[in-house]
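Just so you know, ligand 1 is whichever comes first in the structure, and atom 1 is the first atom listed for that ligand. All heavy atoms count here, side chains included; hydrogens, waters and symmetry mates do not. By convention here, the first residue in the shown sequence is residue 1. Since the structure is predicted, the reported quantities are computational estimates derived from the model, not experimental observations.
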Amino acid sequence: MTRNAIILAAGMGSRMKSKLYKVLQPVAGKAMVDHVLTEIEATNVDHVVTVIGHGADAVKQLLGTRTEYALQAEQLGTGHAVLQAQALLGTYAGTTLIASGDSPLFTAATFNQLYTEHEKAGNAVTVLSSKAPDPFGYGRIIRDVNGNVEKIVEQKDATPAEQAVDEISTGVFVFDNQLLFAALAQVKNDNAQGEYYLPDTLEILKAAGHTVGAYQMADFTESMGVNDRVALGAANLAMRERINEKHMRNGVTLIDPTSTYIDANVVIGNDTTIEPNVYLKGNTVIGSDVYITSGSTVIDSTIENNVTITSSQIEESIMREGSNCGPFAHLRPKSDIGQAVHIGNFVETKKVTIGKGTKVGHLTYVGDATLGEDINIGAGTIFVNYDGVNKFHTTVGDHAFIGSNTKIIAPVAIGDYALTAAGSTITDDIPAKAMGIARSRQTTKTDFWDRTPQGKKDKGQQ
Ligand code: UD1
Ligand code: CA
């Protein structure tokens, strides 16, 4: 007996009014179809087939080898979509879970529960249903006087009495695999949309003498299908609440969980505190005892323990233990900020390695550079790394002191304990313990005032 799963992801999603195919729309920074597959992977399945059509290449690129694929070249309905998986799954004896790539909130626990209910009841098919506060747009579960499931009726085919039913089909089913494909062969498209509906298989199986059932889940939110941007917003909100609750239960303090935006794949250690209006995106990993203040965005970065981020933006970078940045720092890709390093206000870094204890305090740009330990970089220092065509690299040795307003025209190597005089434009290497000074000498005009018109007038009056 095999356990299979099929994810329907071939639709265009025209109600989304987007260039991006519907199942690729992100919820908490992760494509909807990826959420569905992740949860299915967490159940016990032997084969997963994703039915693709619109955006097939993009979906394949995203999900890779985690699933097999069946191509639905023309989108003739959900029943027709499932039929495309027959070549891959048709011969197996076992059960098949079907889920839609546009319903991102289902959990593995719910899928497992549906499997259990299905097996317990010995049904040919069990549909996952729920009571919707506003059932409009969903297929309705139609039951007979004894409460047995008779069929599912789509919104556009429903009579007024059927439209009044608030128990909806979530679009998730568990089927006996062989009976699924046998029933699909009999599905017709004589309905309001001229489509081959998967839900019609219930009526077909019932007529053939099989038992069909519904398992009604308690939480409607989880069953939300996302067809337009309003639902996408609602799904993001629900997913965010779920993610934030998980982190809080793990020991993370969110000062205001309603305005903290954490993507699905982000990992955070305990005793970390996050102020409102912080975005943690992509594959970000945050350690313990980190403090992140309001207005910070961290994307695809690693933040080690005891780091403080003050209203800053960090992209594809690492901040090592005990370092800090901001307010208003911008760490651009490939910034490796060493232990206990201080990156101050209005500092931008890019493609740098900065050694332990080094300070880059104020109004500075550090790009394409390797900095040693315990360096002091003065205010307004610019690493001049780009001539308009090529990028050049700078190294600065341990304990060096870069005076304020130094321009370092790369490529330059500055040795350990070396100094630059404030205001210098450094074009040549500076050996260890030497000082580089490159600025014109000051001239002081002591008779300056007397030579101004006002000065001359003052003198005449004396
Ligand atoms: C569908 C169900 C409805 C259920 C609702 C739950 C049908 C006919 N209707 O309606 O009973 O209450 O989901 O959210 O099944 N797809 C394909 N190929 C196709 C058509 C659709 O792969 O030819 C995919 C879509 O990409 C989508 C899923 O199937 O992921 C559902 O299609 P959609 O058009 O969103 O159906 P709904 O109108 O939401
Ligand atoms: Ca849908």
Side-chain angles (χ1 to χ4, degrees), residues 6-16 18 20-25 27 31-37 40 49-56 58-59 63 67 69-85 98-106 125 127-132 134-142 149 151-158 162-163 165-173 175 180 183-184 187-203 214 216-217 220-232 234-235:
I6 299 173
I7 303 174
L8 303 184
M12 164 78 182
S14 41
R15 287 166 280 184
M16 208 52 95
S18 176
L20 189 64
Y21 301 106
K22 178 165 71 172
V23 299
L24 295 175
Q25 295 283 348
V27 168
M32 292 201 282
V33 69
D34 194 353
H35 280 287
V36 177
L37 178 57
I40 285 176
V49 175
T50 302
V51 181
I52 51 176
H54 284 286
V59 174
L63 303 179
T67 162
Y69 299 95
L71 184 70
Q72 185 193 25
E74 230 186 323
Q75 281 65 53
L76 303 179
T78 50
H80 178 259
V82 174
L83 206 51
Q84 310 312 305
I98 298 178
S100 293
D102 69 348
S103 303
L105 290 156
F106 288 111
V125 53
V127 56
L128 184 65
S129 74
S130 86
K131 291 242 181 205
D134 175 11
F136 184 86
Y138 290 95
R140 309 298 207 286
I141 307 287
I142 307 303
V149 176
K151 59 179 178 177
I152 298 172
V153 177
E154 290 304 302
Q155 174 73 38
K156 287 181 180 157
D157 302 292
E162 288 166 341
Q163 286 181 21
V165 172
D166 66 352
E167 187 185 7
I168 59 112
S169 164
T170 65
V172 176
F173 304 83
F175 280 90
L180 165 65
L184 280 174
V187 169
K188 299 198 173 58
N189 66 349
D190 53 352
N191 51 53
Q193 303 190 78
E195 288 184 359
Y196 297 90
Y197 293 160
L198 173 65
D200 283 359
T201 52
L202 269 73
E203 217 180 342
Q216 192 180 308
M217 60 191 291
F220 169 74
T221 308
E222 201 180 314
S223 61
M224 201 185 296
V226 176
N227 294 326
D228 59 23
R229 310 264 185 161
V230 175
L232 186 65

When you measure from the side chain of [X] to the backbone N and O of [Y], does any donor-acceptor pair fall under 3.5 Å?
X: His35; Y: Val27; answer: yes
X: Arg140; Y: Val165; answer: yes
X: Gln155; Y: Gly137; answer: yes
X: Gln163; Y: Ala158; answer: yes
X: Thr67; Y: Thr50; answer: yes
X: Tyr138; Y: Gly225; answer: yes
X: Asp157; Y: Ala192; answer: yes
X: Thr170; Y: Leu128; answer: yes
X: Thr78; Y: Leu198; answer: yes

For [X], counting its heavy atoms only, list the atoms of ligand 1 lying under 4.0 Å from any of them.
X: Gly101; result: 30 (O)
X: Arg15; result: 34 (O), 35 (O), 38 (O)
X: Tyr197; result: 8 (C)
X: Gly139; result: 3 (C), 4 (C), 11 (O), 12 (O)
X: Ala9; result: 22 (O), 26 (O)
X: Asn227; result: 35 (O), 39 (O)
X: Lys22; result: 35 (O)
X: Ala81; result: 17 (C), 18 (N), 22 (O)

Starting from [atom], which protein heavy atom do you reach first, and at what distance in Å?
atom: atom 24 (C) of ligand 1; value: Leu8 CB, 3.7 Å
atom: atom 14 (O) of ligand 1; value: Tyr138 CE2, 3.8 Å
atom: atom 13 (O) of ligand 1; value: Gly171 CA, 4.7 Å
atom: atom 22 (O) of ligand 1; value: Ala10 N, 2.9 Å
atom: atom 7 (C) of ligand 1; value: Thr78 OG1, 3.4 Å
atom: atom 16 (N) of ligand 1; value: Gly11 N, 4.0 Å

Contact partition for Asp102 relative to ligand 1, non-hydrogen atoms under 4.0 Å | both
For residues Tyr197 and Asn191, determine if any side-chain heavy atom of one lies less than 4.5 Å from a side-chain heavy atom of the other.
-> yes
Option of least heavy-atom distance to [atom] (set: [options]):
atom: atom 23 (O) of ligand 1; options: Ser14, Gly77, Gly55; answer: Gly77
atom: atom 3 (C) of ligand 1; options: Lys156, Glu154, Glu74; answer: Glu154
atom: atom 5 (C) of ligand 1; options: Gly225, Ser169, Ser100, Pro199; answer: Ser169

Residues in side chain to side chain contact (heavy atoms under 4.5 Å, CB included) with Thr221, at least two apart?
-> Asp219, Met224, Ala238
Are any non-hydrogen protein atoms located under 4.0 Å from atom 18 (N) of ligand 1?
-> yes
Spell out the protein N/O/S atoms under 3.0 Å from the Ca ion (ligand 2) as residue plus atom name.
-> Asp102 OD2, Asn227 OD1
